[in-house]
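As structure tokens, the structure follows; a few thoughts come after it.
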Number of protein chains: 2
Amino acid sequence: MDPIDTLIQHFRERIVLTDHDARCVGECFHVVTLKKKEVLLHTGEVSSHMRYIAEGCLRSYYMDEEAREHIIQFGIDGWWVNDLYSYLTRTPAKQFIQALEHSVVLQIHRDTLNQLYDQVPAIERFFRFKFEKAYVAVQDRTLNTLSKTAEERYFEFRSKYRDIEQRVPQYMIASYLGMTPEFLSALRKKTTT
Amino acid sequence: MDPIDTLIQHFRERIVLTDHDARCVGECFHVVTLKKKEVLLHTGEVSSHMRYIAEGCLRSYYMDEEAREHIIQFGIDGWWVNDLYSYLTRTPAKQFIQALEHSVVLQIHRDTLNQLYDQVPAIERFFRFKFEKAYVAVQDRTLNTLSKTAEERYFEFRSKYRDIEQRVPQYMIASYLGMTPEFLSALRKKTTT
DNA sequence: AGCGTTTCTTAAGATACCTTAAGATTTTTA
DNA sequence: TAAAAATCTTAAGGTATCTTAAGAAACGCT
């Protein structure tokens with residue numbers, strides 16, 4: 001399917017769009033194709049687009065002072081990825097966004113999107129919904145991180161994101177969950193045996 | 001100042017409201033007064049209101065299986081508090097919301113707010129902004145929790161929320177930061193001396 | 001098919017943080 | 001203003017998780 005059609009369908013599962021609006025919305029996005037390991041957003045660049053994953057798998061991560069990578073988010077088909085802080089404040093990104101597989105991403109520029117909010121209020125509603133849910137999800141993650149053991153976090157991750165678990169290397173899951181790959185490996189051994 | 005006026009001013013710092021809209025918005029909220037320690041939302045109840053703190057200080061927290069409290073959020077004058085998951089999904093809350101001081105809260109019912117989104121699009125925009133920023137903030141907290149030591153988290157908290165630090169007991173800050181009160185006490189001793 | 005690269009595992013020693021328990025201090029209430 | 005309740009501190013011993021280093025397995029390219 002044409003990636004833009006995928007996106008329109010994605011919107012229409014959540015909000016009402018007339019055919020005219022849908023066409024108008026579709027024209028605002030453009031397609032970016034990424035090879036495996038290609039970086040879509042580098043630290044230091046300002047993120048000026050909202051990004052929808054039509055196909056593939058990406059991660060966003062940041063590198064701390066000791067050059068350790070911390071994975072902030074994985075994203076697969078149907079998800080949105082961004083360094084939202086950079087996007088909203090127009091400051092240099094502290095995150096990288098990188099393709100983990102060959103991927104197709106649809107982008108809309110901030111200025112275009114802001115116009116679209118006025119032209120098609122349903123799109124503003126879509127993003128309100130989206131951020132409400134995203135907020136709940138990330139708050140839940142924070143709470144898990146604070147109150148659960150590494151083992152509990154890992155098994156919750158597996159049951160919640162089985163599709164992601166099978167597409168990304170184990171050491172990245174460890175990073176996402178805030179533990180070392182060695183420790184995760186030990187956990188798995190303990191409970192698999 | 002009348003609490004409703006405080007709220008209108010809060011909106012007007014972020015979005016444009018005609019006088020007519022402002023009056024209309026103001027009428028949708030009602031005032032709730034809370035004594036210290038009073039609970040505004042209990043676990044098990046469905047949260048049906050969005051809540052703005054006109055005055056005072058509250059916390060939201062949840063109790064895990066071992067009956068340990070984990071503080072999710074503090075809120076003071078000008079902040080919003082809610083169990084958003086319960087509000088959005090109409091399922092029983094897993095969080096408590098409790099006043100830590102005498103407080104005045106302004107509430108709007110979900111149904112009223114949903115109508116208001118259609119009547120006054122600027123209000124929908126306000127909440128889009130709000131959740132965008134809230135998402136960024138809580139993502140930042142997650143990252144801190146995952147990548148920093150307890151000591152780093154504590155000093156960041158102090159510099160970021162000096163106003164809150166001075167209003168809430170130290171053991172609650174420990175809970176918010178995901179450490180034991182004993183450990184926080186030891187940290188403070190180490191670095192104060 | 002073979003070689004380099006990426007990913008996963010193992011294990012020993014180190015450390016950050018927790019648990020328990022008790023006493024000291026501060027705040028609230030009667 | 002005294003008693004009760006809430007909060008903070010101290011200290012000893014325990015556990016979860018990390019660090020380092022090395023080798024094994026899987027994957028990807030020529």
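This one's a predicted model, so the numbers in the text were calculated from it and none came from an experiment. Lettering of chains follows the sequences in order, A, B, ..., and the numbering in each one begins at 1.
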Report task. May I have the distance from B/R188 (atom CZ) to D/dT7 (atom P), rounded to whole angstrom? Result -> 15 Å

Query - Short side-chain to backbone donor-acceptor contact, A/Q119 and A/L116, under 3.5 Å - result: no

Using atom names, set out every protein N or O paired with an N or O of nucleotides 13-17 of chain C below 3.5 Å, distance rounded to 0.1 Å.
residue : atom : partner : partner atom : Å
C/dC17  : OP1  : B/A150  : N            : 3.0

Query raised in the report: A/E101 CD to D/dC27 P: how many Å, rounded?
Result: 14 Å

Query raised in the report: Once the angle between the rings of A/W80 and A/H10 is folded into 0 to 90°, is it parallel (under 30°), tilted (30 to 60°) or perpendicular (over 60°)?
Result: tilted

Query - C/dC8 OP1/OP2 closer than 4.0 Å to side-chain N/O of A/Y171 - result: no

Query raised in the report: Is the Lys NZ or Arg CZ of A/R141 less than 6.0 Å from the centre of A/Y176's six-membered ring, within 45° of the axis?
Result: yes

Report task. Taking atom types as modelled, find out whether B/T145 and A/T145 have a side-chain donor-acceptor pair closer than 3.5 angstrom. Result -> no

Query raised in the report: Hey, does the Lys NZ or Arg CZ of B/R110 hover above the aromatic six-ring of B/Y87, less than 6.0 Å from the centre and inside 45° of the axis?
Result: yes

**Report entry** SB check A/R51 A/D83 (cutoff 4.0 Å)
**Finding:** no

**Report entry** Non-hydrogen side-chain atoms of A/I72 and B/Q139 separated by less than 4.5 Å
**Finding:** yes

Nucleotides 22-29 of chain C: which of its N/O atoms have a protein N/O under 3.5 Å away?
residue : atom : partner : partner atom : Å
C/dT28  : OP1  : B/K36   : NZ           : 3.0

Query raised in the report: To the nearest angstrom, how far is A/L146 atom CG from C/dC18 atom C1'?
Result: 15 Å

Requested in this report: For A/M172 and C/dC8, give me the distance from atom CE to atom C1', rounded to whole Å.
Outcome: 14 Å

Query raised in the report: Does the pair B/E69/B/R59 count as a salt bridge with the N-to-O cut at 4.0 Å?
Result: yes

Query raised in the report: If you fit an axis to the five pairs at each end of the helix from C/dA1-D/dT30 to C/dA30-D/dT1, how big is the angle between those two axes, to 10 degrees?
Result: 60°

Report task. Calculate the interatomic distance between A/L100 atom CG and D/dC27 atom P; express it in whole Å. Result -> 16 Å

Report task. Assess B/R158 against B/F155: is NZ or CZ under 6.0 Å from the centre of the six-membered ring, and within 45 degrees of the ring's axis? Result -> no

Query raised in the report: In residues 61-77 of chain B, which ones come under 4.0 Å of DNA chain D, going by heavy atoms?
Result: none

Query raised in the report: So, does A/S103 use its side chain to make a donor-acceptor pair with the main chain of A/A99 at under 3.5 Å?
Result: no

Query - salt bridge (Lys or Arg N to Asp or Glu O under 4.0 Å) against A/K148, all qualifying residues, sequence neighbours excluded - result: A/E156

Report task. Look at the side chain of B/T6 and the backbone N and O of B/D2, then say whether any donor-acceptor pair between them is shorter than 3.5 Å. Result -> yes

Report task. Indicate whether the side chain of A/N82 and that of A/S47 have a donor and an acceptor atom separated by less than 3.5 Å. Result -> yes

Report task. Check each residue of residues 161-170 of chain B for a non-hydrogen atom within less than 4.0 Å of any atom in DNA chain C, then write out the ones that pass by number, or none. Result -> none

Query raised in the report: If you draw the axis of the six-membered ring of A/Y117, does the NZ or CZ of B/R128 fall within 45° of it and under 6.0 Å from the ring centre?
Result: yes

Query - Short N-O contact, A/D5 and A/R12, less than 4.0 angstrom - result: no

Report task. Look at A/K94 together with B/D140 and state whether they make a salt bridge at an N to O cut-off of under 4.0 Å. Result -> no

